[in-house]
J.: 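What follows is a single structure, and I will ask about it in a moment.
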Number of protein chains: 2
Amino acid sequence: MAYRPADQIIHKAAWLYYTHGLRQDEVAQRLNISRASVALYLRKAREAGIVNISTSTHLFSGERLARQMEDTFGLETVWLVEEDALSPSPASEIPTLAANVFLEMVENDNRVCVAWGRTVYDIADAMSYADREGVTVVEMCGNLGSPYAYRPDQCTMEIARRLNAKGLNFYAPLVLSTQELARALREEPVIREQLDGIGACDLALFTVGALDADSHVIKCGALGLDELKTLKTMGATGVIAGQIITADGTLLDCDYNRRMISADFDAIRAIPKRLMVVQEDEKFEPLNAAIAGRFFTHLVTTSSMAAKLLKHHAVSEPTPA
Amino acid sequence: MAYRPADQIIHKAAWLYYTHGLRQDEVAQRLNISRASVALYLRKAREAGIVNISTSTHLFSGERLARQMEDTFGLETVWLVEEDALSPSPASEIPTLAANVFLEMVENDNRVCVAWGRTVYDIADAMSYADREGVTVVEMCGNLGSPYAYRPDQCTMEIARRLNAKGLNFYAPLVLSTQELARALREEPVIREQLDGIGACDLALFTVGALDADSHVIKCGALGLDELKTLKTMGATGVIAGQIITADGTLLDCDYNRRMISADFDAIRAIPKRLMVVQEDEKFEPLNAAIAGRFFTHLVTTSSMAAKLLKHHAVSEPTPA
DNA sequence: CACGCTGATTGACAAAAGTCAATTCATCGC
DNA sequence: GCGATGAATTGACTTTTGTCAATCAGCGTG
């Protein structure tokens, strides 16, 4: 490479400025040039890679992953827990973190909307009591009578209790036996009101459901195993507020979904802050679908899940440059 | 590691500012904090090594003199500091440059071996935090209990800290009172292992010591003044990793050297990249000896020293045309 | 050798970053 | 509860940096 005096002075400026921490005017003085030139040289030095500014990869590797997640998927904030490390009890880490995150997100006089499920119940359980005022907690979708401790209305009520908030339950089943009945029920004023109120929320807390033999919808009897198999061949990938979505994050066009009393997807997406929480590694596909559907803006999950998602993203649509 | 919200926001601010190039007020807006806080966080991030800013050392190896050094003495790369020129504080320039050069040379998963001394300590001090992984830093020779801040183990540990590396100390004194004891100690498994590990390093950082009244070995009490005088008449010229060498770069055959716990010269020379750093002009003779012994492959020193070395070389063995 | 062209350099101004005293917030002991 | 204490945060101000139109220096050309 040819020797160019221009390079030399750029190097010197960069060295004095970045390594020695001199100010631009000091550098200018030392090199007998104007400060404007120094500014110009420094920009050139940065562009030419003579100075390298990078954010650490090993310190806070989890943080870095989180930032990458935010960038890649256009999310507001991502929180990750390191499961490999010496976490006291990895299982409880996510709900605890999620509960804290959620509490930080709730503001006075907010209207928050929560879905239900084991994860949400765990979060409610881990949530400390907060001194909020004027908060209303509403259910995101219809109820499912189930034998579990995490009955839908209990999730809502427990969270409301912790937030010193008013809890509003959904007085309807999640799934009805016919489409007609569902349609009729949705037009009932009390139900209509609840459904319409979802889009007016400030904050949502929910998770995405998987579709295996031991996942929620099956266990609660809302869906049969054979029915599930059929739906899967149709592209069923995950469950958002009771409703089945495909891999690209859209509502699966099926009878089951039409028999549902639940939040409209556009209403959900109208909520400014939507916190998604995923604990289980097996929920990779569903979560991917939820990302595609732009269902959430904030995410709490494990770093291994984050790594998987990023890897998958890189493979499926390699970034230019 | 525990979840600390403070870390998260600092990291996020650093990420948005340095990686995304947002302005401080944009970052502040995005994170809902004041711009003053952003400025504070960014400073903390820099101090904590979350962001690394490094400048190329190319400038210092781009000179004709440096090239000549490389050619004449068969060195890989030579970096020279002009003591008269742009040095903000000439004394600090060499350690700063050496630290930067060293950082550029260290690669992930490297095993690096460092000697100790004031120069090495200064380098450690000037070194910024680096984003390396899997690096191990080992001591090159035994320790000398000294009253100074630059205690051997501190050099190693400080460098390890800056590199996010594991530091391995040598659990032995540098000099023992008898040859027998030294020999016995060298056969101790834990010591043997450390000694053997030196040849397996990828990179070494060290300097050559002088032999005057106020040089290291004397000050630390490892060697008496009268003892020194005797050794000098025997040809003692410099100190490499504690061991005394003659002008032709070979180990001086003396009792002192035989009482030493330190790296074998062949082991040192087995390390592919060996960075020698010399600040003091008085180290001309020792450095010459170190060159003769082919102890190093990379060199950081002053250009006046380089000039002297080249001149001396030309006189002692004039090159044809 | 005057001319115009190109790219480097600068002065002056605008924008951004740094700083610090004042304030708010949280935590603790009484 | 309640005031004291110390840390975190911020608003207002200062300093530093970025920008850009204007100027200048070098240089090939008619």
Side-chain angles (χ1 to χ4, degrees), chain A residues 1-55 60 63 77 96 99-110 127-133 162-164, chain B residues 2-55 59 62 86 88 128:
Chain A
M1 193 198 298
Y3 170 77
R4 276 172 300 166
D7 286 353
Q8 193 78 358
I9 203 153
I10 290 175
H11 266 101
K12 283 188 184 178
W15 180 263
L16 291 171
Y17 186 77
Y18 286 106
T19 305
H20 281 284
L22 300 194
R23 289 193 316 272
Q24 291 190 358
D25 52 1
E26 294 179 296
V27 176
Q29 211 176 332
R30 184 155 268 129
L31 302 178
N32 279 316
I33 51 177
S34 74
R35 203 193 48 72
S37 294
V38 174
L40 175 69
Y41 293 164
L42 291 179
R43 186 155 56 70
K44 281 190 177 176
R46 283 189 301 264
E47 283 164 2
I50 290 168
V51 300
N52 244 59
I53 303 179
S54 63
T55 54
F60 311 102
E63 292 295 312
T77 309
T96 308
N100 280 295
V101 164
F102 180 73
L103 282 179
E104 268 180 30
M105 292 175 77
V106 182
E107 286 166 29
N108 281 349
D109 302 311
N110 267 6
M127 200 176 291
S128 53
Y129 290 83
D131 191 23
R132 293 287 183 286
E133 265 174 49
R162 310 268 174 149
L163 290 174
N164 186 39
Chain B
Y3 167 73
R4 275 175 299 168
D7 286 352
Q8 206 227 340
I9 200 145
I10 288 176
H11 189 274
K12 199 160 176 179
W15 179 268
L16 291 172
Y17 187 77
Y18 287 107
T19 307
H20 277 272
L22 298 194
R23 290 192 317 271
Q24 290 190 359
D25 55 359
E26 294 179 298
V27 175
Q29 209 176 336
R30 195 100 153 47
L31 301 178
N32 278 317
I33 52 178
S34 72
R35 202 189 51 72
S37 294
V38 174
L40 176 70
Y41 293 164
L42 291 179
R43 186 157 56 73
K44 281 190 179 176
R46 284 190 299 265
E47 282 165 4
I50 291 173
V51 297
N52 305 301
I53 302 179
S54 63
T55 52
L59 161 65
L86 67 141
S128 55

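Reckoned from all heavy atoms, side chains included, excluding hydrogens, waters and symmetry mates. This structure is a prediction, so every number in the text was calculated from the model and none was measured.
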J.: Using a 4.5 Å cut-off on heavy atoms from C-beta on, say whether the side chain of B:L42 contacts that of B:Y18.
T.: yes
J.: Starting at CD of B:Q29 and ending at P of C:dA16, how long is that distance when rounded to a whole Å?
T.: 12 Å
J.: Of all the nucleotides listed (D:dG11, C:dA17, C:dG11), which has the minimum atom distance to the side chain of A:S34?
T.: C:dG11
J.: Would you call B:V27 and B:Y41 a side-chain contact if the rule is heavy atoms closer than 4.5 Å?
T.: no
J.: Separation of B:R35 atom CZ from D:dA8 atom P, in whole Å?
T.: 20 Å
J.: Starting at CG of A:D25 and ending at C1' of D:dT17, how long is that distance when rounded to a whole Å?
T.: 10 Å
J.: Check the phosphate of D:dT10 against B:S37, side-chain N and O only, distance under 4.0 Å to OP1 or OP2. Yes or no?
T.: yes
J.: Are the side chains of A:N52 and B:N52 in touch, meaning some heavy atoms are under 4.5 Å apart?
T.: no
J.: What nucleotide, of C:dG18, D:dG18, D:dT10, holds the atom closest to the side chain of B:A36?
T.: D:dT10
J.: Between B:I10 (CD1) and D:dT9 (P), how many Å, whole number?
T.: 9 Å
J.: Between atom CD in B:Q24 and atom P in D:dT16, what is the gap in whole Å?
T.: 15 Å
J.: So, does A:Y41 get its side chain near the phosphate of C:dA8, meaning an N or O under 4.0 Å from OP1 or OP2?
T.: no
J.: Using whole Å, what does the distance between atom C1' of nucleotide D:dT16 and atom CZ of B:R23 come to?
T.: 16 Å
J.: Return the NZ to OG1 distance between B:K12 and A:T55, rounded to the nearest 0.5 Å.
T.: 14.0 Å
J.: Give the rounded distance in Å between these two atoms: CD of A:E26 and C1' of D:dT15.
T.: 12 Å
J.: Using a cut-off of 4.0 Å on non-hydrogen atoms, how would the nucleic acid contact of A:I33 be classed: base, sugar-phosphate, or nothing?
T.: sugar-phosphate
J.: Expressed as a whole number of angstroms, how long is the span from B:L40:CG to D:dA7:P?
T.: 14 Å
